[in-house]
Each structure stands twice: as C-alpha cells, then as structure tokens.
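Worksheet for the structure shown next.
We name chains A, B, ... by the order of the sequence lines, and we start the count at 1 in each one.
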There are 2 protein chains.
Amino acid sequence: MARDSLETSPPVETVKRELRRAILDHRLPPGTRLTEEAAAGHYGVGRTVVRTALLSLSHDGLVTLERNRGAFVARPDPREAREVFEARSLLEPRAARLAAQRAVPADVEDLRRHVAEEHAALAQGDTGSAVHLSGLFHTRIAEIAAQETIASFVRALVSRSSLVIALYWRRHDTVCESHAHHELLAAIGRGDGAAAEELMQSHLVDLLSGLDLSDRVKPVSSLAKALQG
Amino acid sequence: MARDSLETSPPVETVKRELRRAILDHRLPPGTRLTEEAAAGHYGVGRTVVRTALLSLSHDGLVTLERNRGAFVARPDPREAREVFEARSLLEPRAARLAAQRAVPADVEDLRRHVAEEHAALAQGDTGSAVHLSGLFHTRIAEIAAQETIASFVRALVSRSSLVIALYWRRHDTVCESHAHHELLAAIGRGDGAAAEELMQSHLVDLLSGLDLSDRVKPVSSLAKALQG
DNA sequence: TCTTAAAAGATTGTGAACAATTGGCACGCG
DNA sequence: CGCGTGCCAATTGTTCACAATCTTTTAAGA
C-alpha cells in the first residue's frame, strides 16, 4: 500500500500534501505564484523543504517551475487539457475493467463510501471538496486494479484534471455527475469488467465534453496568501 | 519541443542527464548504491545538485530513495516489470497510430536514422547503446504523435524498461529485433496508422515474452565506482 | 510624454556547516 | 557459543549564508 514508492521525510511530505490539497481544492487557483520563502514561513520550515516539495509537485504537473523566476500553480492550456483526458481514456477504462475483476468486498465498500462523501459534499455546495473526492474515486479504482504503475499515472492525471476543471468547467451545476460514479460502482460491485470499462470510457467523454476549451483566459489571482482561507 | 516542461538549472540538468545515461547504459547496474557525496565529488558539484537530480530520477522510477538510507539504482521486481509493459501496451500502440497519421518527412527521416544507429550499435556488439537507442526510437514515436502528456509517460516507461531488460533479458542474441522497428518505420512512413498500431502492439508482446520473469535474484554490484568505466 | 538605461530590490541557485537518523561493531551477559 | 545492548562511524535531512539572475523602479535624455 505504498502510496509513494519513494519515501520522503515527514516535513517535506507534509508540505507536499498540504500544497497539493490546497491546489486541488482550488484554494490556490491556477497561475498563483508560490514563493519559496512565503511558503516556508507559512509552514514553519526552511526553504529547502518547500523547494523539494515544489520539485515533486512539478513532476506531477501541478506546479510549473520557471528558472530563476519561481514556482506557479500549473495553468494547463486547452491543448494540454485535451491531452490529459486523452491519456485518461487510454488508461482508466482498462483499469476499471481490472478493478471490477479484482475488487473484494472491502474495496467495493470503500468506493461506496467515497461516492457517498462526494454526494454529501455536492449537497452542501462544497464544490472544492467534491472535485477532490471525485478524483479520489477515480484514483481508488486504479489502485484496486493493482497496477501500481498505471495507478501512479492516473493519480497524476486526475490531479491535473482538477486544474483543468478549475479553469475550463462549463456546467457549474453538476461537478462530476455522481450518476456515472454510481453506475461504475454498481458494475464493479457485480464484477462486470466489460461494463465497467465501457462506463468509464463514456464517463470520461462526458467529462471532456463538459469543458469549454475556447482560448479565452481566466483572471489570475496574484496573491499567494489565499492560503489563509 | 520542451523536453522538460519544468526548466531546471544547467548543473542539475547535466548531472541528471549523466546519471540517467549511466543507468540506461547499464554502467550503473540495478541495485547500485548512489552516495550523494561520491556523486558530488565525481561531477565536481555540491551535494545539493546531486540531491535534486536524484529526486528527479526517482520520479521517473530510475532511482529508489530510501529514507535516511540513500539512493539506489532502481531494481524493478518481476511484478513491476510486467506492469511496465502492461502500461506500455496501453499507451504506445495508440501513440504509434497517431504518429503514423501526423508524421512529416523530417520525422520519418529522423526515425530512419535512429534505426540505422541502433543497427550499427548492434553490429558492433554494443548492447548498452543498442538498448538506449532502441528506447529512443520508441520515445521518438510518442513525441511525433504530438501528445506531450503521453510522451512523457512513455519516456518514463521506456527508461524503466531499460532496467527491466538489464535484469530479466533472456535472449542475449537479439536485443530488440530491429526487424520490428523496420516494419514500424515503414508503416509510419506510408501513414498507415492501423498497421502501426498493430505492429507496436505485437512488438511489445514480443518484448515481454523475451523476459525471464521467474523470481531468482541477480547479483548486486556493491561498488558505485563503476562510473569509472 | 515616451523611450532608454542603469541601479536597487527581490527571488532563486548553490555550497558549506550543523543536526538527526541509521547501520555496523564490539563488548558483555546468559 | 549465541544473543542482546550500547557506542561509534557514516550518511542523509535541514538550515543558513552567499552568489547569480531576474524584475521593477527610477531617473535622465530625446
């Protein structure tokens, strides 16, 4: 169950987790500048720790590093947004099929809980958490498929999808129609791999079609102190 | 053409490239311990630079970091080896299809040169370079497909494949039958996407079948001074 | 007023010193 | 003789200080 094959030290791990969470919850909108010193002061650690965390996050595509300029929350352009979903539709349907074949009752229960939490978050209008939980659902499926390599890719892609959604989401009413997640859950629960693969595929197409990938730009919040929220 | 979306500084970039090359050429066999100080002295840089490079390489799966213990050249187990090829067979056939559809004459010429160099290396018995060039061929196809996201995954997977081959390759006569590469090249050259996809798929199956994934262990070279070679 | 250039400020890149953790080794006990 | 314990060396984890680089500001000239 090693979520990170590479073991990193607790402080840098903490900062990485916190930053990732802040970005995925959209508390740090895409384009936000992340000053090393500011983050270091905020988390009470040295700059080196923050630097390490930022380097890791940049590998996952959540942060963009510009030489001698600093780190910014990644701002995927429409082309990259399309690529992310293209890649997901290559990996996740197969993962869903495998997950359906291999899931044990505990796994299904776990997924059921995820869906429930996601539904609750949506009901409360907490879209930030909803997007996050929705991503966790997809990630969990890849993990159940017991393909650690693919799962790590899916984790990275789901993370970036969160950024894409923050930038280009069109239908503000439904975040990730939990309808699709319910059906997926059912298919996996009854071990129907073919159905799960099919459902995942169409679910991803749905997600992509919910984006507005015209070339307009969204405003960039300049201040990193959004962390305070 | 940004090979690295994240721009890193020249020194760390150099060390990273050198280390990657040494690992991919099997001059640093899997399991070799990589001491920060030793590498720093060898390349004439500070430990910080080496540390950064190692962290990057660990993200690509070429290096394993163990907390408070150090860095080692990654040693994928049979399970991980299988996963790597499973993932490749999800991504690369599609990439080959796209590459065939989008390749311009310059791209084809580039691929042709790669194949020629690979053939030459094989003829000279330089299997290290041959494996490396073979990987470059696969990577290049993903790049031609113009799917930067998928290409980055393929790069990581190809790199790990090099480790897998170092550990589990069975047929020492033919490294990566350039026969298959020639056919792929031809299919891409005539823009036949369907054929390219099919060829890539079967090529990957062939590669996997050339591995001996029984559970025996290979000896671990203890001394990192293999760099001298 | 606009353009240009230079200096000041801020931020990252790097190296060296200190602290913390780990693994090995010898010593002593059962 | 085997085994557990405590010390010691080696290596990593972290912080801090300095150098290099970039951005911004400011001021002078056309």
Nearest-angstrom distance from the residue atom CG of B:Leu54 to P of D:dT12: 9 Å

From the options D:dT12, D:dC22, D:dT15, select the nucleotide whose nearest atom is closest to the side chain of A:Arg69. D:dC22

DNA chain D: A:Gly46 or A:Asn68, which has the more 5' nearest nucleotide? A:Gly46

For atom CG of A:Leu65 and atom C1' of C:dG13, their distance in whole Å: 13 Å

Expressed as a whole number of angstroms, how long is the span from B:Arg51:CZ to C:dA16:C1'? 14 Å

Roughly how many Å is it from CZ in B:Arg47 to P in D:dG13, rounded to a whole number? 8 Å

Scan side-chain atoms only and decide if B:Ser161 and B:Arg88 contain a donor-acceptor pair under the 3.5 Å cut-off. yes

Ring-ring centroid check B:Phe137 B:His181, cutoff 6.0 Å: yes

Does any donor atom in the side chain of A:Ser56 or B:His59 lie under 3.5 Å from an acceptor atom in the other side chain? yes

Between A:Gly70 and A:Thr48, which is nearer to the 5' end of DNA chain C once each is assigned its nearest nucleotide? A:Gly70

Round to the nearest Å and state the distance from B:Glu13 atom CD to C:dT14 atom P. 11 Å

Determine whether the side chains of A:His138 and A:His114 contain a donor N or O and an acceptor N or O closer than 3.5 Å. no

Separation of D:dT23 P from A:Arg67 CZ (nearest whole Å): 12 Å

Of the nucleotides D:dT11, C:dT21, C:dT12, which one has an atom closest to the side chain of B:Thr35? D:dT11

For A:Tyr43 and D:dT15, give me the distance from atom OH to atom P, rounded to whole Å. 15 Å

If I take atom CD in residue A:Glu37 and atom P in nucleotide C:dG9, what distance separates them, rounded to the nearest angstrom? 16 Å

